[in-house]
Amino acid sequence: MWARAVLLGHRSWMGRHRGFTSKTDPQGSGRVTAEVIEHLERLALVDFGSQEAVARLEKAIAFADRLRAVDTDGVEPMESVLEDRCLYLRSDNVVEGNCVEELLQNAHRVVEEYFVAPPGNISLPKQDEQQPFSHN
Amino acid sequence: MAAPMLRGCCLGRCWALACIDSGSRHGRGAATGFTSSGKRGQSFVAQQPLLTAQKSRKGEHKWAAVVGLEIHAQIASNSKLFSGSQVHFAAPPNSLVSFFDASLPGTLPVLNRRCVEAAVMTGLALNCHINKKSLFDRKHYFYADLPAGYQITQQRLPIAVNGSLAYSVCVGKKWRQVITKTVRIKQIQLEQDSGKSLHDELRSQTLIDLNRAEGQLRVDANISVHHPGEPLGVRTEVKNLNSARFLARAIDYEIQRQINELENGCEILNETRSFDYKLGCTVPMRDKEGKQDYRFMPEPNLPPLLLYDTASLPAGADPQQVINIDRIREQLPELPSETREKLIQQYGILPEHSFALLNEVGLLEFFQNVIKETRAEPKKVTSWVLNIFLGFLKQRNLAVNESPVTPSVLAELLNLLDRKVISSAAAKQVFEELWRSKGKTPSQIVSEKKLELMQDEEALERVCHTVMEGHPQVVMDMKRGNPRAINKLIGLVRKVTHNRADPTVIKEILEKQLSS
């Protein structure tokens, strides 16, 4: 449910909105290219492990595309469902923190009071190194 | 995590290599390349790099460099931008981290009012237009010190845009000449900072501390080159720049590198580079993955940030919940440009000197205290403070508040000079002595070293006469109009009088005696 909402949000201002870019094919047949899948996999660290997953993605995009039926010329896009709300401003006081033991309980590994992570970014295996499956 | 940061983008144009065209100066010299007029804002001028004496293969083509700076400044606040945990440097790792800072699911950002005020203040101080409505976005990328997988920033509509900053730069031979330049500020935005990573190469792991409050200023530089009139070139980003000096060096190097690459027919990659301090060059960063796609999206948990001014302030609004730009403007301290203008008006000093007075911590106060206690002219005081006093400080690498000479002492010395009790040369001697031995007053030193100017004009005239008689050859030279001859005579007279005569007076007497 959440994933679909995000896609909807992403698509609705994709072409028109200032500043943001998109890599999906705006006017295409609904196919998502292998290149884009690879790009998405790297960006979002998801694994479209099968053709079914890609098909599901394509269906979701097609569903969102139905928004294009609406003529939004001259209409300012809505940025947030909260846009009528007041943004609450917090006073600059220290009221939290100081809970390192609790936080570190979540960690798989710790060293002294640091979280431990692998060095740098682990690069994804390249396209040809992955389990190949046909995109068409 | 989530320490509040202000990010400012400066755009400047730098024509640092305008003299690469044939026939012009090569080698080291000050940068004098400036933007052509007509463009709003002016150059960020870098010092001239060491040019190779090599004509451009493309003939007379000039190069223009464009430099954009991304400056990250931490806001001075008690708590973080989006959480109520403390902002404090050098705290035990992860001790200042709340559940939100650790990106635990279910936590939400809550904006710190003080940070918004700081951002507005900064925008006003930098002559920006404050956006009454600004938005927060998510910038996504994966790194261990960014547990949420995104950073909350203001990419689309930041809190302030289109500002400018005036500054002074030394140019010309030996950087004697000071000129004023302006740089454009593209935008100012509020954003979260990521955590801190400590790389442990030995055990092949990275230690993560999400406190993140180092109180530093960080700068990344974006650099490209192009031929004037043509579109902008591909830019590279240079990170890991910690000081103004290295910033200039890195930029110079990168400009030259790009020019060399392009002139050899290669292309510039849009990449991130790091500055290697030891080698003095930029190198590609290890983790380069081509162009990053940050998948910006609006931050769904934060409504737009609305600011007001006195005219638009909603009636009956909770003062804690609204920010009035006019009120913040009133609370701004006197800005440097205002202070400088006042100095120029009040004391008649030159603009470049006004910059110099403000650029050193405590120097302005020192200067003003001297002025209060001395009857010497402001121009004299300026010259002494900026040249002699500051020179002594710099030589010994001292701050103004570490100076052994206090404003009162310098004021007393300048009074002696003003009353013509001592000569200018003697005053400098006294100053040196003051610096060395604390506790002595200028008057004490003057009498100890017998530096008082000779008051007996007749005696001085007799000395001049004697010296002239003793050196007929020099007098002949003087008659012939040799300017150095008179200086020699002055020197001789000074020796005889143990430096107790004012060189200007000596010169007058000698000239008078010569003509009679």
Side-chain angles (χ1 to χ4, degrees), chain A residues 2 5-7 9-10 12-14 17-23 36 39-40 42-45 77-107 109-124, chain B residues 77-79 83-87 92-102 104 110-116 135 140-145 147 149 155-156 197-201 204-210 286-287 289 293 295-306 320-323:
Chain A
W2 178 85
V6 167
L7 267 177
H10 183 80
S12 67
W13 39 255
M14 180 192 68
H17 205 281
R18 54 196 162 194
F20 291 144
T21 59
S22 162
K23 295 248 186 232
V36 171
H39 186 62
L40 283 175
R42 200 171 331 119
L43 282 183
L45 291 188
M78 181 179 76
E79 280 126 9
S80 157
V81 293
L82 303 171
E83 66 183 20
D84 289 336
R85 299 276 190 104
C86 269
L87 177 49
Y88 177 76
L89 296 173
R90 178 175 55 84
S91 305
D92 187 24
N93 300 318
V94 177
V95 295
E96 47 190 348
N98 212 7
C99 50
V100 60
E101 266 148 37
E102 257 182 299
L103 291 175
L104 291 180
Q105 274 176 14
N106 276 328
R109 276 177 63 203
V110 298
V111 166
E112 287 169 26
E113 281 167 333
Y114 291 92
F115 294 99
V116 180
N121 263 345
I122 305 174
S123 45
L124 289 177
Chain B
S77 62
N78 300 325
S79 58
S83 77
S85 35
Q86 193 183 12
V87 168
N94 292 309
S95 60
L96 306 176
V97 178
S98 69
F99 288 178
F100 169 78
D101 304 327
L104 297 187
V110 186
L111 186 56
N112 180 339
R113 183 198 162 87
R114 156 80 189 133
C115 295
V116 180
L135 306 169
H140 299 81
Y141 62 95
F142 285 107
Y143 206 70
D145 62 17
Q155 204 260 2
R156 285 170 298 156
S197 322
L198 298 173
H199 299 289
D200 183 355
E201 306 276 328
S204 199
Q205 62 191 14
T206 301
L207 305 180
I208 306 291
D209 173 11
L210 299 176
R286 258 175 298 135
D287 260 336
E289 290 172 22
D293 182 348
R295 295 178 296 149
F296 285 99
M297 64 174 257
E299 167 56 58
N301 295 321
L302 294 172
L305 173 60
L306 298 175
Q320 280 300 101
Q321 287 304 314
V322 289
I323 298 219

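Below, chain A is the first sequence line, B the second, and so on; all start at residue 1. As the structure is a computational prediction, the values presented were derived from the model and not from experiment.
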To the nearest 0.5 angstrom, please state how far the CZ atom of B/R114 sits from the CD1 atom of B/I323.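 B/R114 atom CZ to B/I323 atom CD1 measures 10.5 Å (nearest 0.5 Å).
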Under the side-chain contact (heavy atoms from CB on, under 4.5 Å) rule, what do B/L306 and A/L87 come out as? Steps first, then yes or no, please. CA-CA 8 Å; B/L306 298 175; A/L87 177 49; over 6 Å; no
Interchain contact, [X] with chain A, by part (heavy-atom threshold 4.5 Å):
X	value
B/D200	neither
B/P300	backbone
B/L305	both

Would you mind telling me which of A/L89, A/L104, A/V81 has the largest number of heavy-atom pairs within less than 4.5 Å of chain B?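 The candidate making the most pairs under 4.5 Å is A/L89.
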Return the option, out of A/D92, A/V94, A/N98, with the maximum number of heavy-atom pairs under 4.5 Å with chain B.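 When all of A/D92, A/V94, A/N98 are compared, A/D92 has the most.
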Count the heavy-atom pairs under 4.5 Å between each of B/P92, B/P303, B/S95, B/P304 and chain A, then report the option with the highest count.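 Highest number of heavy-atom pairs under 4.5 Å: B/P303.
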CA sep, side-chain torsions, deciding dist, call: A/V95, A/R90, side-chain contact (heavy atoms from CB on, under 4.5 Å): CA-CA 11 Å; A/V95 295; A/R90 178 175 55 84; 5.5 Å; no
Give, as side chain, backbone, both or neither, the part of [X] having an atom under 4.5 angstrom from any heavy atom of chain B.
X	result
A/N93	backbone
A/E102	side chain
A/A107	neither
A/D84	neither

Minimum heavy-atom separation for A/C99 and B/F99, please, with both atom names.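 Here A/C99 and B/F99 meet closest at SG-CE2, 3.9 Å.
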What are the two closest non-hydrogen atoms of B/S77 and B/V87, and how far apart are they?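 So the minimum-distance heavy-atom pair works out to O-CB, 3.5 Å.
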Evaluate the criterion side-chain contact (heavy atoms from CB on, under 4.5 Å) for residue pair B/L104 and A/L103; output intermediate values, then yes/no. CA-CA 9 Å; B/L104 297 187; A/L103 291 175; 4.2 Å; yes
Does CG belonging to B/N78 count more than 12 external heavy atoms closer than 6.0 Å?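 Buried by this count: over 12 neighbours within 6.0 Å.
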